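Below you'll find the structure, written out as structure tokens, and then a few comments.
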2 protein chains.
Amino acid sequence: MVKRTSHQNADCLIARPLDAIGDWWSLLIVRDAFDGMRRFGEFQKSLGVAKNILSARLRNLVAHGILETVPAPDGRAHHEYVLTERGRGLFYVLVALRQWGEAYFSGPGEPYTFMVDTRTGRPIRRLEVHAEDGRLLAPGETRLADFRQQPQ
Amino acid sequence: MVKRTSHQNADCLIARPLDAIGDWWSLLIVRDAFDGMRRFGEFQKSLGVAKNILSARLRNLVAHGILETVPAPDGRAHHEYVLTERGRGLFYVLVALRQWGEAYFSGPGEPYTFMVDTRTGRPIRRLEVHAEDGRLLAPGETRLADFRQQPQ
DNA sequence: CCGCAATGGTTTCAAGTTGAAACCGATATG
DNA sequence: CATATCGGTTTCAACTTGAAACCATTGCGG
């Protein structure tokens, strides 16, 4: 064996992101960061993950520019972790994953939960994929693989 | 140690889906499936993954109802793998991941690639999150964590 | 100043996972 | 009949994961 294969240098722009977040914990850390968590202990308590694993994941997320460390506001020795712009870009991935979970992984008899607009408390709409001209596109009507061609 | 921790029974509807697809290969297999691949050898050649790993991943995807096996049309001994409805639901996750990759993982000097509407060959629009009333929501204006409340 | 708890990690080590390569059985194919 | 191809499984060493122990810094009560 060598190391676990990395997609970092893959041509595919679906593969490369997976190098940053394609493990069992990273997206959950990012989700918690969206929910306002910033500190090591908060993540650890929320996720129940071993501290060494959390430490490695946070380091990896920082290395990939998804989180950044900022000095703790209360002048503590240790810093806090906050989302970068790149990290905030993961919002749509989380929404898509969440809606997929709602649609297909919601157990029967389970309290129905959903994402809400924080301003109104009302559920949000489902994601849609639209063509340039506004047409609604169904799964399969879009080519996911790279397609090299100048727009215009 | 025990086994790698599973999110299968997590309450969180972001965590549970990660149990099915939260590893380094599964989403790439699904992407290839969207691109029309059906056979073991096709996936293996496309991904360059070891055969035992591919075998395990396909089994896992079938077990989670994302792929299903169908008899090979040319009457071969072995079957093919096709997306189920649940699997096709991953379309939005792939689009979100792809657009994130386009926005933040595209190297400078790299040929610009993008997803296209297969009907017109034109790029698709970026995903947007909308409130129930149609308002465009920015990252952070939606609560990702579970929110239990009856709609209506 | 001293002791003790909390926070934020790192180290250690056994068990589990991954990947390359070898192997195998069931068709095709020449 | 010999060989090739497809679709895997087996084997085994290296790597990763996770639980627990350990450690350094800061905060606080006395």
Side-chain angles (χ1 to χ4, degrees), chain A residues 1-10 15 18-29 32-33 36-64 67-82, chain B residues 1-10 15 18-29 32-33 36-64 67-82:
Chain A
M1 231 195 100
V2 281
K3 290 175 100 80
R4 175 170 58 199
T5 62
S6 161
H7 306 303
Q8 183 130 33
N9 298 312
L18 286 178
D19 211 64
I21 54 159
D23 69 280
W24 300 85
W25 294 111
S26 295
L27 270 184
L28 296 179
I29 294 172
D32 281 352
M37 293 189 193
R38 306 164 66 96
R39 296 175 54 167
F40 188 93
E42 289 180 301
F43 292 116
Q44 213 242 318
K45 187 173 169 192
S46 162
L47 300 174
V49 57
K51 293 163 82 173
N52 52 349
I53 302 296
L54 176 58
S55 179
R57 287 295 166 271
L58 287 171
R59 229 190 330 266
N60 188 55
L61 288 170
V62 169
H64 280 91
L67 296 177
E68 64 186 344
T69 55
V70 299
D74 53 345
R76 296 175 71 71
H78 300 290
H79 42 244
E80 302 192 331
Y81 301 89
V82 300
Chain B
M1 232 194 99
V2 279
K3 290 175 99 81
R4 174 169 58 197
T5 62
S6 161
H7 305 304
Q8 182 129 34
N9 297 312
L18 286 177
D19 211 63
I21 55 159
D23 68 281
W24 302 85
W25 293 113
S26 296
L27 270 183
L28 297 179
I29 294 172
D32 281 351
M37 295 189 192
R38 303 165 68 95
R39 296 176 55 166
F40 188 93
E42 290 179 300
F43 292 116
Q44 214 242 317
K45 187 173 170 193
S46 161
L47 299 173
V49 58
K51 294 164 81 175
N52 51 348
I53 302 296
L54 176 59
S55 179
R57 289 293 166 273
L58 287 171
R59 227 189 333 264
N60 188 54
L61 287 169
V62 170
H64 279 91
L67 296 178
E68 64 186 345
T69 54
V70 300
D74 53 345
R76 296 175 70 72
H78 300 290
H79 43 244
E80 304 192 331
Y81 301 89
V82 301

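In this text, all values refer to a predicted model and were calculated from it rather than measured experimentally. By convention in this document, chain letters (A, B, ...) are assigned in the order of the sequence lines, proteins followed by strands, and residues within each chain are numbered from 1.
When distances run from any side-chain atom of His79(B) to the nucleotides dG19(C), dT17(D), dG8(D), the shortest one goes to dG8(D). Side chain of Asn52(B), nearest nucleotide from dT18(C), dA20(D), dA21(C): dA21(C).
Below 30°, between 30° and 60°, or above 60°: for His7(A) and Trp25(B) the angle between ring planes is above 60°, a perpendicular geometry.
Going from atom CG of Asp23(A) over to atom P of dC15(D) covers 19 Å, rounded to whole Å. The distance from atom CZ of Arg38(A) to atom C1' of dT7(C) is 16 Å, rounded to the nearest whole Å. Atom pair Leu47(B):CG and dT18(C):P shows a separation of 15 Å (rounding to whole Å applied). Distance Leu54(B) CG to dT9(D) P: 10 Å, rounded to the nearest Å. For the pair Ile53(A) CD1 and dA19(D) C1', the computed distance is 10 Å after rounding to whole Å. What separates CG of Asn60(B) from C1' of dG8(D) is a distance of 17 Å, to the nearest Å. When the P atom of dT10(C) is taken as reference, atom CZ of Arg57(A) falls 14 Å away, rounded to whole Å. The separation between Glu80(A) atom CD and dG9(C) atom C1' is 15 Å, rounded to whole Å.
Contact annotation: Tyr81(B) reaches the phosphate of dG8(D) (side-chain N/O to OP1 or OP2, under 4.0 Å). OP1 or OP2 of dT18(C) has not a single side-chain nitrogen or oxygen of Trp25(B) nearer than 4.0 Å. Residue Arg59(A) places none of its side-chain N or O atoms closer than 4.0 Å to OP1 or OP2 of dG9(C). Remark: Thr5(B) is not in phosphate contact with dT17(D), judged by side-chain N or O atoms under 4.0 Å from OP1 or OP2. One finds no side-chain N or O of His78(A) lying less than 4.0 angstrom from the OP1 or OP2 phosphate oxygen of dA24(D). Between Arg39(A) and dT7(C) there is no side-chain polar atom (N or O) within less than 4.0 angstrom of OP1 or OP2. Regarding contacts with the backbone of dT9(D), a side-chain N or O of Ser55(B) is found under 4.0 angstrom from either OP1 or OP2.
Nearest heavy-atom pair, Arg57(A) versus Ser26(A), reported as atom, atom and distance to 0.1 Å: CD-OG, 3.5 Å. The heavy-atom pair separating Ser46(A) from Met37(A) by the smallest distance is CB-CE, 3.6 Å. Shown here for Asn60(A) and Ala20(A), the closest heavy-atom pair between the two residues is ND2-O, 3.4 Å.
Phe43(A) comes within contact range of no nucleotide atom at all, as no heavy-atom separation falls under 4.0 Å.
Both Val49(B) and Glu42(A) sit near DNA chain C, but only Glu42(A) has its closest nucleotide nearer the 5' end. Toward the 5′ end of DNA chain D lies the nearest nucleotide of Trp24(A), the other residue of the pair Lys51(A) and Trp24(A) mapping further downstream.
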### Query
Where do Leu54(A) and Ile29(A) land on the side-chain contact (heavy atoms from CB on, under 4.5 Å) test, with the steps shown first?
CA-CA 9 Å; Leu54(A) 176 58; Ile29(A) 294 172; 3.7 Å; yes

